[in-house]
Amino acid sequence: FCFVVWGVARLTSMGVDRGQAALIATAFPLGMAVGRLFGSWLIARLPMILVGSAVTAAGTLMVVLVDAWLAVGFGQFLAGIGLATLYPILLARLMRTPGLRPELGASLGALASGTAITVAPAVLALLATVVDLRIAFLLPLPILIGMLLLYGRARPTLSLIHI
């Protein structure tokens with residue numbers, strides 16, 4: 001959700017007018033909507049932990065590395081698609097935790113999501129006081145890497161390609 005909170009700041013730092021930047025930054029929630037709309041179809045056909053992570057990483061890198069507003073907006077759109085497809089998979093994994101009641105799992109998933117929505121933009125803001133905002137926007141990448149490592153450890157007998 002750093003893309004929602006700080007996407008406008010990234011665009012205005014490039015010289016884009018605030019109103020236009022706010023409009024362009026809606027690309028992230030639009031990407032999330034597209035990801036949720038087609039997510040079930042994608043999840044049934046592709047290894048979405050890998051694909052969703054790759055799409056999110058590609059979008060993040062576009063936001064960080066490119067200084068064209070159209071590319072930054074498209075990067076936000078891609079990041080939205082990638083993240084929207086990851087959330088249902090991770091929530092489903094949480095719900096399948098042995099011994100965890102479904103209502104507790106749903107509550108923990110909502111708590112984790114709400115915490116991420118609140119904490120990640122604040123961490124990015126803190127990072128942006130130390131390094132350039134563009135560098136701070138790399139925050140999703142180590143989170144994605146950590147998720148991939150944890151997901152891979154959870155299923156040691158299967159390759160991530162087959163999940």
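Each residue takes its place number in the sequence, starting with 1. The structure presented is a predicted model; accordingly, all values stated were derived computationally and were not measured. Only heavy atoms go into these numbers, but all of them, side chains included; no hydrogens, no water, no symmetry mates.
If you chain together hydrophobic residues whose side chains sit under 4.5 Å apart, Val51 and Val34 fall into the same group. Cluster membership for Met147 and Leu94, using ILVMFWY side-chain heavy atoms within less than 4.5 angstrom, is not shared. A single hydrophobic cluster is seen to contain both Leu138 and Leu148, as judged by linkage of ILVMFWY side chains at heavy-atom distances under 4.5 Å, directly or through other members. Side-chain heavy atoms closer than 4.5 Å link hydrophobic residues (I, L, V, M, F, W, Y) into clusters, and following such links, possibly through other members, connects Leu70 to Phe77. Under the 4.5 Å side-chain contact rule for hydrophobic residues, Leu108 and Val119 do not share a cluster.
Proximity of a side-chain donor or acceptor of Trp69 to a complementary backbone N or O of Leu11 within less than 3.5 Å is not detected. A donor-acceptor contact shorter than 3.5 Å is absent between the side chain of Ser113 and the backbone of Gly109.
Between Ile117 and Val4, the closest side-chain pair of non-hydrogen atoms is not below 4.5 Å. Residues Leu83 and Phe28 are in side-chain contact: their nearest non-hydrogen atoms beyond the backbone lie under 4.5 Å apart. Using a 4.5 Å heavy-atom threshold, the side chains of Leu86 and Leu144 count as touching.
Rounding to the nearest 0.5 Å places CD1 of Ile43 at 6.5 Å from CE of Met48.
The minimum heavy-atom distance linking Gly7 with Ala25 is given by the pair C-CB, 4.2 Å. In terms of heavy-atom proximity, Ala116 sits nearest to Pro121 at O-CD, 3.6 Å. Here the shortest heavy-atom pairing between Gly73 and Ala27 reads O-CB, 3.2 Å. Annotation for Leu139 and Ala120: closest pair CD2-O, 3.6 Å, computed over non-hydrogen atoms. For Gly105 against Leu100, the heavy-atom pair with the smallest separation is CA-CD2, 3.6 Å. When all heavy atoms are compared, the tightest approach of Val63 to Val72 is CG2-O, 3.6 Å.
Judged as a side chain to side chain donor-acceptor pair (under 3.5 Å), the pairs with a partner in residues 126-148 (not counting sequence neighbours) are, in order, Asp67-Arg134. Sequence neighbours left out, not one pair with a member in residues 37-60 passes side chain to side chain donor-acceptor pair (under 3.5 Å).
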Identify each donor-acceptor pair in which a side-chain atom of residues 12-24 lies under 3.5 Å from a protein atom, sequence neighbours left out, and give them as a table.
from  : atom 1 : to    : atom 2 : distance (Å)
Thr12 : OG1    : Val8  : O      : 3.2
Thr12 : OG1    : Ala9  : O      : 3.1
Ser13 : OG     : Arg10 : O      : 2.6
Asp17 : OD2    : Gly19 : N      : 3.1
Asp17 : OD2    : Gln20 : N      : 3.4

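Among Leu65, Val131, Leu127, Val64, the single residue meeting the side chain to side chain contact (heavy atoms under 4.5 Å, CB included) criterion with Phe137 is Val64. Evaluated for a side chain to side chain contact (heavy atoms under 4.5 Å, CB included) with Tyr87, the options Ile89, Thr85, Leu90, Leu91 yield exactly one hit, Leu91.
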